[in-house]
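Working notes, structure below.
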Amino acid sequence: QVQLVESGGGSVQAGGSLKLSCAASGNTYIVECMGWFRQIPGKEREGVARMHPPSGNIYDRESMKGRFTISRDIGKNTLYLQMNNLKPEDTAMYYCAASEVPCYSTSWDVGRYNYWGQGTRVTVSS
């Protein structure tokens, strides 16, 4: 089992920045892919970025490139999402997820992620 705990959400004005953190614990050695997803009210959960933690290989969602950056600190077992130039349409619940399946197989399929955090809310006002 793997436990994920997100933090760092909050309320910012448009153009602002936030950095989300996801602390992983438990049997983290089984994790092949970690990612950030978000869910806007009334919409399906969508992927933002994902990473193979051991190698640092990143799989960005094209539409998020340039504003959102995923990174990790292996020693702290922590995944990050730096979000810059935030827009009101970025308002959502942001989730950290982990999979035992490699990133090139998980794609953005939420069903392929075995473990999820509780989410952290991001609100961007205009």
Side-chain angles (χ1 to χ4, degrees):
Q1 290 289 322
V2 176
Q3 294 78 43
L4 304 173
V5 179
E6 303 100 331
S7 61
S11 297
V12 295
Q13 290 193 323
S17 298
L18 281 173
K19 187 173 185 177
L20 307 183
S21 299
C22 172
S25 61
N27 298 328
T28 56
Y29 62 89
I30 65 176
V31 173
E32 288 292 327
C33 187
M34 290 190 73
W36 287 98
F37 290 76
R38 69 183 187 183
Q39 189 159 20
I40 297 167
K43 295 192 176 182
E44 290 187 352
R45 196 167 296 189
E46 65 173 351
V48 175
R50 66 192 195 271
M51 166 187 278
H52 177 237
S55 67
N57 287 342
I58 292 172
Y59 301 75
D60 286 315
R61 192 169 202 111
E62 198 63 34
S63 59
M64 310 285 183
K65 273 185 177 180
R67 295 194 302 123
F68 292 3
T69 304
I70 190 172
S71 63
R72 94 292 195 212
D73 184 326
I74 292 179
K76 294 182 179 179
N77 275 339
T78 301
L79 187 75
Y80 301 100
L81 184 68
Q82 177 68 47
M83 305 186 294
N84 297 326
N85 191 23
L86 284 162
K87 304 176 181 180
E89 51 264 41
D90 295 319
T91 294
M93 186 72 85
Y94 284 74
Y95 297 92
C96 175
S99 176
E100 298 172 28
V101 176
C103 285
Y104 56 79
S105 293
T106 59
S107 187
W108 303 116
D109 183 353
V110 298
R112 308 213 74 178
Y113 289 81
N114 314 81
Y115 309 100
W116 291 85
Q118 81 288 351
T120 186
R121 187 172 300 280
V122 172
T123 303
V124 185
S125 57
S126 57

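By convention here, the first residue in the shown sequence is residue 1.
Between L4 and M34, the closest side-chain pair of non-hydrogen atoms falls below 4.5 Å. By the 4.5 Å heavy-atom criterion applied to side chains, E32 and E100 are not counted as neighbours. F68 is listed as a side-chain neighbour of L86, based on a closest heavy-atom distance under 4.5 Å. Under the 4.5 Å side-chain criterion, counting only non-hydrogen atoms from C-beta, D90 is in contact with R67. Side-chain contact between E6 and Y94: absent, with no pair of heavy atoms (C-beta onward) separated by less than 4.5 Å. Considering only heavy atoms from C-beta on, C103 stays 4.5 Å or farther from N57 through its side chain. Between N114 and I30 there is no side-chain heavy-atom pair separated by less than 4.5 Å.
Screening D109, T106, V110 for a side chain to side chain contact (heavy atoms under 4.5 Å, CB included) involving S99 leaves a single residue, T106.
Panel note: side chain R50, backbone C33; no donor-acceptor pair is recorded below 3.5 Å. At least one donor-acceptor pair closer than 3.5 Å links the side chain of D73 to the backbone N or O of G75. No donor-acceptor pair under 3.5 Å is formed between the side chain of E46 and the backbone N or O of R38.
Residue A49 comes nearest to D60 through the heavy atom pair CB-OD1, 3.8 Å, listed as atom of the first residue, atom of the second, then distance. Heavy atoms only, all atoms of each residue included: S126 and A14 are closest at CA-CB, 4.3 Å. Closest approach of I40 and E89 over heavy atoms only: CD1-O, 3.7 Å. For the residue pair G9 and T120, the shortest heavy atom distance occurs at N-OG1, 3.0 Å.
Counted within 6.0 Å of CD on Q13, heavy atoms from surrounding residues, nucleotides or ligands total 12 or fewer; the atom is thus considered open.
Note that CE of M83 and NZ of K19 are 11.5 Å apart. Values are rounded to the nearest 0.5 Å. In this structure, S71 OG and L79 CG are separated by 7.0 Å, a value rounded to the nearest 0.5 Å.
Among residue pairs with one or both ends in residues 76-87, those qualifying as side chain to side chain donor-acceptor pair (under 3.5 Å) are S17-N84, Q82-N84; sequence neighbours excluded.
In this structure, the ring-ring contact (aromatic ring centres under 6.0 Å, His included) partners of F37, at least two apart in sequence or on a different chain, are Y113, W116.
Residue Y115 is grouped with residue Y29 when hydrophobic side chains (ILVMFWY) are merged at heavy-atom distances under 4.5 angstrom, including chains of intermediate members.
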